[in-house]
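What follows is a single structure, written as structure tokens, with notes after it.
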Amino acid sequence: MTQGLLTWATEASEHASQVDLLLTGFSLLVFVLSAPVFVLMALFAIKYRRGKPADRTHPVNRNIWMEISWSIVPFLFIVGVFVWATVLYADLYRPPPDALEISVVAKQWMWKFEHPGGQREIDELHVPANEPVKLTMASQDVIHSLFIPALRLKQDVVPGRYTKMWFTANRPGTYHLACAEFCGTNHSLMGGRFVVLTRADYTRWLEQSDVDGSLADQGAVLFRSHGCSGCHGSSSTVHAPPLEGLYGSPVPLDDGRMVIADEGYIRDSILLPQQDIAAGYPHDMPTFRNVLDEGEVLKLVAYIKSLRKPRVLP
Amino acid sequence: MTNALDAPDPHNAGISETRAERESYLRAGHTLRSWLLTTDHKRIAILYLISVTLFFFIGGAAAALIRADLVTPGGDLLTNEGYNRAFTIHGVIMVWFFLIPSIPTTFGNFLLPLMIGARDVAFPRLNLLSWYIFVIGGLITVYALIAGGVDTGWTFYTPLSSFFANGHVVLVAVAVFIAGFSSILTGLNFIVTVHKLRAPGMTWRHLPLFVWSHYATSLILVLATPVLAITLALIAAERLFGLGIFDPALGGDPLLFQHLFWFYSHPAVYIMVLPAMGVVSELVAASARKPVFGYAFVAGSSIAIAIIGFLVWGHHMFVAGQSMYASTVFSFLSLVVAVPSAIKVYNWTATLHKGRIALDPPFFFAASFIGLFVIGGLTGLALAMLAIDVHVHDTYFVVAHFHYIMVGGTVSAYFGALHYWWPKMIGRKYPLVWGRLSAAAIFFGFNLTFFPQFILGYLGMPRRYHVYDPPFQVLHVLSSAGASILAVAYLMPAFYLFYSLRYGDPAGRNPWGVTGLEWTVPSPPPKHNFMETPIVTELPYDYHVEREGEQ
């Protein structure tokens, strides 16, 4: 039983250790702030209980400086912890550019993970230790939330957009993953295992899995079979934006705005093409909302990301 | 403090024993009709007391079902669907049909006019209408429960609630929508009453802190409840007519729902806890026979909480995908709420200093409130810390935290109010020793139920889980054991309070020997409260400690 609880409590990343340290620090502060209330209430109840003789002369009924001090001083301490917590949190929004990218699709009631090489798994996530991993997550139906307690991390997976989560696990082992946002009947069964492997073991695990080509390759197949190449291909006669080198670059829009072409932008351009139209192009891209599911869109995104600008020879 | 009016009359046993009782509001009509068509704020308070108690036990039965099921890690008692329906109905009933109306509609209704020296609230008929609206909303909810229930959780998150949930989502949304009008009318009534009906000399500086906190609560009720009504109407429109508002498949935004929902539901937490704080201020002063330390700060902090409470809703969405900068601002503002809350707690503690503390049930309930509120509040700060929230969000840590505030805090204050004002409302005393016992049993049972849940949550057990990992069982068994104690402890007062109805000694005007206009009228008060309009000259809690200070 204790052994079982320990697998939940393990810190499997530096971030997890930092969060535990923060909580310990905060608990100490909580103790310092609340102990006087508990101790004094009990003490006064005994010392000044009715009928008991005690020195009750010159009671104080108000003291503005005392009140200001006991509202401001605790507040300043708390602001200190707030800064600490916010700095830790801000890290979660800055994934390293070289992170291993794994795509995640959540649906009632399962998790699907797909590695860059095309390896797929359900309700289990294998990652290499000591390497940053970035998850790009989409939901097929309702809101879910990927929760990996050993990393002290959680991120909602919201339909209609991509959400992201990144981490560097540092302790090989098998941990839990769970859905934390109530998602319907079998919510409590929507969990599985989070397996951290050494680099060598991870490579071996990748090789053992059946693969239909890398994620980008599968995307390339979809790109042709759904006719995307008909307009976006380099030899196409239709006037559609070229996709080579698109990922990560700024795109001027029809209405004068400028967006960075990230995963979310590419996704929306496939599913909601009328939302953000690239400047200078006709509005004739059809929607693929009822054609592609989130898993397929993620493959297309991986493919488009893999398209580099053709080298221009001098 | 005894009065000729209160002398027992041997010819009339039971509830009409004293002259005060024969002339009281309780005797102003004996038919059911005289109760159901009453416009007397005291009778309406009793109607509310009966109805919210009923809902408390319905919600409690759902809680019992949940805790019984969680004794084992597998789903032995309920199906997954049944479990989801049980916690949804527990949440809906407890939040909207017990916690939000509990203190304002019963004790607020009963005491507000008495405390400010008025004969009734400003709009007595509206007050009765508000009870009927509340009952209609409640009956629809109970009907939905019998017809099969809902499985969205009380939060109705979209798109789960709009397109994926089975069950009577629209019916329950309609019920809560209707009940919201009851909240709005009560809030409106209280605001006008406090502004217009204060007795001569009852300036804002003379208002008891109970009135201040109810005033702050009423502001929130009036300003926030319409947003809930709009949100629920939009859900119904989406579910019934496929209007794309929250569902991304129709071009809507699921986070919009969360913003709207928490814009109401976070202030709603203060609707639940501010009246409780008002009760505790009264209880602490009465127990210590001292003015509340720093009256102006305690009164002002209620208003501050009401205002800042409107600006913190985004702390429910730190992992929902809102922007990092929004999260940072909401995190900071949530910490700011801690300041007025801390002022209250420290000031209550300071009030006890050099007091003459009666260790009676009101003191024990007030002390329970303060202790549990401190734990609930400080764990709330932990949740406002971004990096900690990412881990414990939507886990049992959150469940434990808000139960410390709402059940440990508000329900303790509710029972404290019941034990403090019962002699005033009914005119009879109850055995104090039983009151002390149930306060102690509630405190113990509560902590045993909810403290283990902090540990469960930090270890990573998500909330709303029917089936869980077997190693968590020991903590769940502790929690369920605590819940059994809590259930017995909550039932105990029903017995001795009912007993006191017939067999209790007459309370007299002022059984606790405390200040406050409500204690200057007979118990139970006569139909129109005051024979003549009182003129207020003394500040509240004027206990003259200086003169009576004993060595």
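Here the structure is a predicted model, which is why all the values come from computation and not from measurement. Keep in mind that the numbers below use all heavy atoms, side chains included, and drop hydrogens, waters and symmetry copies. Below, read A as the first sequence line, B as the second, and so on, with proteins coming before strands; counting in each chain starts at 1.
- At a 4.5 Å heavy-atom cutoff, the contact between A/Phe26 and chain B is made by side-chain atoms alone.
- Between B/Phe257 and B/Tyr157, the ring planes lie perpendicular to each other; the angle is over 60°, past the 30° to 60° tilted range.
- In this structure, B/Phe369 and B/Phe373 have parallel ring planes: the angle between them is below the 30° cut-off, well short of the 60° mark.
- Proximity to chain B involves both the backbone and the side chain of A/Ala90, based on heavy atoms less than 4.5 angstrom apart.
- The aromatic rings of A/Phe44 and A/Tyr48 are tilted relative to each other, their planes meeting at an angle between 30° and 60°.
- When the candidates A/Thr163, A/Ile78, A/Leu40, A/Ile72 are compared by the number of heavy-atom contacts under 4.5 Å with chain B, A/Ile78 comes out ahead.
- Per-residue heavy-atom pair counts under 4.5 Å with chain A were compared for B/Asn347, B/Val374, B/Leu381, B/Ile343, and the maximum is reached by B/Asn347.
- When the candidates B/Leu459, B/Ile370, B/Leu359 are compared by the number of heavy-atom contacts under 4.5 Å with chain A, B/Leu459 comes out ahead.
- With a 4.5 Å cut-off on non-hydrogen atoms, B/Phe164 touches chain A through its side chain but not through its backbone.
- When each of A/His187, A/Met66, A/Glu67 is scored by its heavy-atom pairs under 4.5 Å with chain B, the top score falls to A/Glu67.
- Between A/Arg193 and A/Asp123, none of the side-chain N atoms (NZ, or NE/NH1/NH2) sits under 4.0 Å from a carboxylate O, so this pair counts as no salt bridge.
- Of the listed residues (A/Phe75, A/Tyr89, A/Phe38), the one with the most heavy-atom contacts under 4.5 Å to chain B is A/Tyr89.
- For chain B, the nearby part of A/Leu189 is the side chain; its heavy atoms alone come within less than 4.5 Å.
- Considering only heavy-atom pairs separated by less than 4.5 Å from chain A, the leading option among B/Thr158, B/Thr328, B/Thr155 is B/Thr328.
- The contact between A/Cys183 and chain B is made entirely by backbone atoms, counting heavy-atom distances below 4.5 Å.
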When the side chains of residues 265-274 of chain A are checked against the rest of the protein, which donor-acceptor pairs come out under 3.5 Å, sequence neighbours left out?
unit_1	atom_1	unit_2	atom_2	d
A/Arg267	NE	A/Glu294	OE1	3.3
A/Arg267	NH1	A/Gly160	O	3.4
A/Arg267	NH2	A/Glu294	OE2	2.8
A/Ser269	OG	A/Tyr265	O	2.8
A/Gln274	NE2	A/Met285	O	3.3

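- Of the listed residues (B/Thr351, B/Leu255, B/Asp389), the one with the most heavy-atom contacts under 4.5 Å to chain A is B/Leu255.
- With rounding to the nearest 0.5 Å, the separation of CE in B/Met461 from CG in B/Asp394 is 12.5 Å.
- Of all the listed residues (B/Pro462, B/Ser301, B/Gly294), the one sharing the greatest number of non-hydrogen pairs under 4.5 Å with chain A is B/Gly294.
- Under the 30°/60° scheme for interplanar angles, the aromatic rings of A/Phe194 and A/Phe167 are found to stand perpendicular.
- Using a 4.0 Å cut-off between charged nitrogen and carboxylate oxygen, A/Asp141 and A/Lys107 do not count as a salt-bridge pair.
- With a threshold of 4.5 angstrom between heavy atoms, A/Asp91 does not approach chain B through any atom at all.
- For A/Val19, the parts lying near chain B are the backbone and the side chain together; criterion is any non-hydrogen pair under 4.5 Å.
- Remark: of the listed residues B/Phe87, B/Tyr465, B/Trp154, B/Phe87 is the sole one forming a ring pair (Phe, Tyr, Trp, His ring centres under 6.0 Å) with A/Phe182.
- Listed options A/Val30, A/Leu151, A/Val158, A/Leu29 were ranked by heavy-atom pairs under 4.5 angstrom with chain B; first place goes to A/Val30.
- For the set B/Ala165, B/Ser162, B/Ser327, the count of heavy-atom pairs under 4.5 angstrom toward chain A peaks at B/Ser327.
- For chain A, no part of B/Ala384 is nearby; none of its heavy atoms comes within less than 4.5 Å.
- In this structure, the portion of B/Thr152 lying under 4.5 Å from any heavy atom of chain A is its backbone and not its side chain.
- For B/Phe454 and B/Tyr458, the ring centers sit 6.0 Å or farther from each other.
- Using a 4.5 Å cut-off between heavy atoms, A/Gln108 contacts chain B through its side chain alone, with no backbone atom that close.
- In this structure, chain B has heavy atoms under 4.5 Å from both the backbone and the side chain of A/Asp20.
- The distance between the ring centers of B/His476 and B/Tyr468 falls below 6.0 angstrom.
- With a 4.5 Å cut-off on non-hydrogen atoms, B/Tyr325 does not touch chain A at all.
- Under the 6.0 Å distance and 45° angle rule, A/Lys154 counts as a cation-pi partner of A/Phe147.
- Salt bridge status for B/Asp253 with A/Arg161: present, with a side-chain N to carboxylate O gap under 4.0 Å.
- Both the backbone and the side chain of A/Arg49 have a heavy atom closer than 4.5 Å to some heavy atom of chain B.
- Checking A/Ser188 against B/His466 by side-chain atom types alone, no donor-acceptor pair falls below 3.5 Å.
- The aromatic ring centroids of B/Phe293 and B/Trp348 lie 6.0 Å or more from each other.
- Top candidate by heavy-atom pairs under 4.5 Å with chain B, chosen from A/Pro159, A/Gly184, A/Ala9, is A/Pro159.
- B/Gln258 touches chain A through its side chain: at least one heavy atom from C-beta onward sits under 4.5 Å away, while N, CA, C and O do not.
- Ion pairing between a basic and an acidic side chain is recognised when a charged N comes within 4.0 Å of a carboxylate O; A/Glu263 and A/Lys134 show such pairing.
- Looking at B/Tyr83, neither its backbone nor its side chain comes within 4.5 Å of chain A, counting heavy atoms on both sides.
- Of the residues considered (A/Asp156, A/Val157, A/Val37), A/Asp156 shows the highest number of contacts with chain B, using heavy-atom pairs under 4.5 Å.
- Proximity to chain A is limited to the backbone of B/Val392, based on heavy atoms less than 4.5 angstrom apart.
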